[in-house]
Amino acid sequence: MRAQFPSGWSRLRISPNNLNLANTLPVGQSFLWHRRILASDTGGCREEFSRAVDDPPRVLFMRQTETDLWYTSLYPANQTRPNDDVDLPWIMDYFQLERHPSLEDLFADWRKRDPKLFGVAEVGSRAQGVRVLRQDPWECLIAFITSTNNHIPRITSLLHRLTHTFGRPVVIDDMDDGTLSYHLFPAAHEFGSELEHQLRNMGFGYRARFLESTLETLRARYGSQPGVIEAGLRDLRAADVGLARDELIQLMGVGRKVADCVLLMSLDKSSIIPIDTHMLAVASRHPSFPHRLRNKAMSAQAYDEVQTFLQDKWGPMGGWCQAVVFAVDLKERPTPEDKSPTGPEVKLEAVPEIDTAAISSIEHKETSTTKVQRKRRIFEGAAVVRHSTQTKRTRNSSTMMFKASTETLVATKVKGEDDMTK
DNA sequence: CGGCGCCCTTGAGT
DNA sequence: AACTCAAGGGCGC
């Protein structure tokens with residue numbers, strides 16, 4: 001049972017200028033956080049972020065005020081709670097609070113290095129407290145292969161499906177919301193042999209092949225025992241940038257851009273600035289940007305030159321500067337309320353089993369019926385599943401896709417708590 | 001080697 | 001209501 005806020009929660013004194021959850025978690029770095037808008041303004045907190053984390057499996061909750069980051073975690077019934085606070089070290093590492101204790105010092109440095117660009121870009125509240133997360137390299141890699149030629153809402157929904165389908169469930173007993181089922185990001189060994197087929201049915205498109213091939217390459221490289229792929233990728237943190245990038249680029253679906261994202265966001269390469277359309281536009285606005293690169297298509301050569309230009313400008317923490325500029329540049333993110341079903345009769349009570357085979361067959365035949373839209377919403381809403389005695393249902397054992405999922409599945413969709421990004 | 005067509009899907013914009 | 005078109009690319013010719 002979750003502790004009442006704020007008693008029973010732990011507190012970390014930190015200014016939103018040094019870490020701002022709302023500006024950091026939902027801006028296209030990580031896609032698996034859940035954001036919930038709190039009903040009442042609880043001690044200055046208007047929202048709560050949560051996700052399942054491992055070692056040991058639990059669900060971590062965070063809220064933020066003007067002075068503090070509050071956190072607590074909930075363990076599944078069969079899981080004994082450790083004596084030490086494992087959440088604080090996790091938070092310190094994930095947000096890189098020890099490694100880079102003062103974001104404001106970095107801002108000052110960037111402002112000095114590049115008053116023309118950064119001085120303009122960082123105005124406004126959306127630049128406040130944006131940090132580069134130190135993510136798990138395996139999760140980061142899968143996420144950014146999925147991200148190619150795709151936008152954030154869809155990346156988010158695909159990765160939630162992936163997690164829900166293959167990841168171990170973490171079922172907790174929440175106070176307000178009854179039983180909630182979160183899922184850990186799936187380990188490499190939890191993917192089966194039919195991966196490409198399954199992923200295609202889940203909507204990954206041509207990326208399905210990339211992901212299966214990448215997994216195959218990683219198994220050949222590191223082995224297939226549980227944990228070795230994750231560990232092998234994590235070891236690249238100690239490797240030289242160029243070497244780590246070469247290892248990544250060998251993987252199908254990983255080009256320069258995706259490799260750079262993984263390097264920056266999970267492998268401690270803080271100077272790397274991934275170049276996308278946003279960063280090209282930002283660089284192009286700069287007075288001293290080379291004229292011949294202005295309206296050129298992005299070739300490998302151009303990528304290198306734009307990257308070098310910005311990295312020279314922004315220095316050894318250039319990747320972090322990119323994160324700030326990117327977050328500011330990102331177009332207005334709707335609040336979770338906006339994601340609530342739009343159709344008139346999509347109340348989503350007592351939802352039937354999720355059958356991906358049925359979904360994909362519908363997708364291929366008829367493209368835009370309300371039925372498809374309805375199914376899809378249900379599917380996406382299942383990232384966090386509420387169990388309740390009235391609406392509990394048993395899953396149909398014939399649905400292959402959800403073998404690895406929870407025993408009981410889906411009841412009511414909870415408005416606004418399933419998805420943080422959109 | 002550099003340029004260019006193609007790839008899945010869908011939300012957002014007309 | 002249909003229809004187009006990017007969306008934080010990458011691959012293969």
Side-chain angles (χ1 to χ4, degrees), chain A residues 26-31 130 132 140-162 196-214 217 245 248-265 272-283 292-293 295-307 310 319 322-334 338-339 341-343 356 359-360 362-370 372-377 379-380 419 421-422:
Chain A
V27 294
Q29 289 194 58
S30 176
F31 303 90
V130 179
V132 170
C140 193
L141 174 65
I142 300 307
F144 281 94
I145 291 176
T146 303
S147 81
T148 59
N149 203 9
N150 229 339
H151 35 219
I152 291 175
R154 208 169 92 81
I155 300 164
T156 302
S157 99
L158 287 172
L159 290 171
H160 275 277
R161 284 181 213 172
L162 183 84
E196 181 184 349
H197 179 70
Q198 286 178 292
L199 293 177
R200 271 192 185 270
N201 284 344
M202 291 165 67
F204 279 73
Y206 60 87
R207 302 164 200 85
R209 190 167 58 86
F210 293 171
L211 289 166
E212 180 169 277
S213 166
T214 284
T217 305
R245 182 186 281 138
L248 292 171
I249 283 186
Q250 284 170 22
L251 304 169
M252 170 108 49
V254 181
R256 189 51 197 271
K257 163 65 173 40
V258 170
D260 283 349
C261 286
V262 176
L263 289 173
L264 172 65
M265 299 177 201
I272 299 298
I273 301 173
I275 304 301
D276 51 44
T277 52
H278 290 266
M279 281 307 116
L280 180 60
V282 167
R292 64 197 160 73
L293 293 174
N295 292 319
K296 224 177 144 192
M298 185 66 72
S299 65
Q301 180 69 18
Y303 185 103
D304 262 338
E305 291 190 53
V306 175
Q307 183 172 55
L310 288 177
Q322 174 270 353
V324 174
V325 174
F326 186 90
V328 171
D329 209 47
L330 209 55
K331 70 173 199 248
E332 211 57 44
R333 345 181 250 279
D338 294 336
K339 208 201 169 182
T342 48
T356 42
I359 291 175
S360 66
I362 291 170
E363 268 174 11
H364 291 308
K365 282 160 196 163
E366 32 182 35
T367 40
S368 74
T369 63
T370 50
V372 174
Q373 290 168 2
R374 193 192 149 130
K375 277 252 184 190
R376 197 172 295 286
R377 275 193 214 93
F379 196 33
E380 287 166 17
D419 202 324
T421 308
K422 172 67 197 297

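Quick caveat, the model's predicted, so the values are computed rather than measured. Just so it is clear: chains get the letters A, B, ... in the order the sequence lines come, proteins before strands, and each one is counted from 1.
In this structure, CZ of A/Phe204 is placed 12 Å from P of B/dT10, rounded to the nearest angstrom. Remark: P of B/dC7 and CD of A/Glu196 are 15 Å apart, rounded to the nearest angstrom. Rounded to whole Å, atom C1' of B/dT9 lies 8 Å from atom CG of A/Leu158. Rounded to whole Å, atom P of B/dG2 lies 14 Å from atom CG of A/Leu293. When the C1' atom of B/dC4 is taken as reference, atom CD of A/Gln301 falls 18 Å away, rounded to whole Å. Residue A/Leu159 contributes atom CG, which lies 14 Å from atom C1' of C/dG8 at whole-angstrom precision. Computed from coordinates, the A/Asn201 CG to B/dC8 C1' distance equals 13 Å when rounded to whole Å. For the pair A/Leu264 CG and C/dG8 P, the computed distance is 17 Å after rounding to whole Å.
In terms of heavy atoms, A/Gly319 sits closest to A/Val132 at O-CG2, 4.0 Å. In plain terms, the two heavy atoms of A/Cys140 and A/Cys261 that are nearest each other are SG-O, 4.3 Å.
The separation of B/dC8 from C/dC5, taken at their C1' atoms, amounts to 14 Å, rounded to a whole angstrom. A distance of about 23 Å separates the P atoms of C/dG8 and B/dC4, rounded to the whole Å.
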Restricting to nitrogen or oxygen on both sides, can you table the protein-nucleotides 10-13 of chain C pairs closer than 3.5 Å?
residue	atom	partner	partner atom	Å
C/dG10	OP1	A/Gly255	N	2.9
C/dG10	OP1	A/Val258	N	2.9
C/dG10	OP2	A/Lys257	N	3.4
C/dC11	OP1	A/Gly253	N	2.9

Dump every N/O contact between nucleotides 5-7 of chain C and the protein below 3.5 Å, one line per pair.
residue	atom	partner	partner atom	Å
C/dA7	O4'	A/His151	ND1	3.4
C/dA7	N7	A/Asn149	OD1	3.1

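Contact annotation for A/Ser299: backbone-only contact, meaning every heavy-atom pair under 4.0 Å involves sugar-phosphate atoms and none involves a base.
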Exercise. Hey, mind stepping through A/Asp304 and A/Arg256 against side-chain contact (heavy atoms from CB on, under 4.5 Å) and telling me if it holds?
Worked result: CA-CA 9 Å; A/Asp304 262 338; A/Arg256 189 51 197 271; 2.8 Å; yes

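For A/Ala259, the side-chain contact (heavy atoms from CB on, under 4.5 Å) partners are A/Arg245, A/Leu248, A/Ile249, A/Val254, not counting sequence neighbours. For A/Phe204, there are no ring pair (Phe, Tyr, Trp, His ring centres under 6.0 Å) partners two or more places apart in sequence or in a different chain. Residues passing the side chain to side chain donor-acceptor pair (under 3.5 Å) test with A/Glu212: none are found, sequence neighbours excluded. Qualifying side-chain contact (heavy atoms from CB on, under 4.5 Å) partners for A/Ser299, counting only residues two or more places apart in sequence or in other chains: A/Gln301, A/Ala302. With sequence neighbours excluded, no residue forms a side-chain contact (heavy atoms from CB on, under 4.5 Å) with A/Ala300. Residues that satisfy the side chain to side chain donor-acceptor pair (under 3.5 Å) test with A/Asn150, not counting sequence neighbours, are A/Arg154. Listed by chain and residue number, A/His278 satisfy the ring pair (Phe, Tyr, Trp, His ring centres under 6.0 Å) test with A/Phe326 (two or more places apart in sequence, or in another chain).
The closest side-chain heavy-atom distance from A/Arg207 to A/Leu199 is not below 4.5 Å.
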Problem set entry | Structure string for DNA chain C in dot-bracket form, Watson-Crick and G-U at under 3.5 Å, | interchain | .||||||.|||||

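Distance check, rounded to the nearest 0.5 Å: CE of A/Met265 to CG of A/Asp260 gives 9.5 Å.
In this model, a side-chain donor or acceptor of A/Tyr206 finds a partner on the base of C/dG9 within 3.5 Å.
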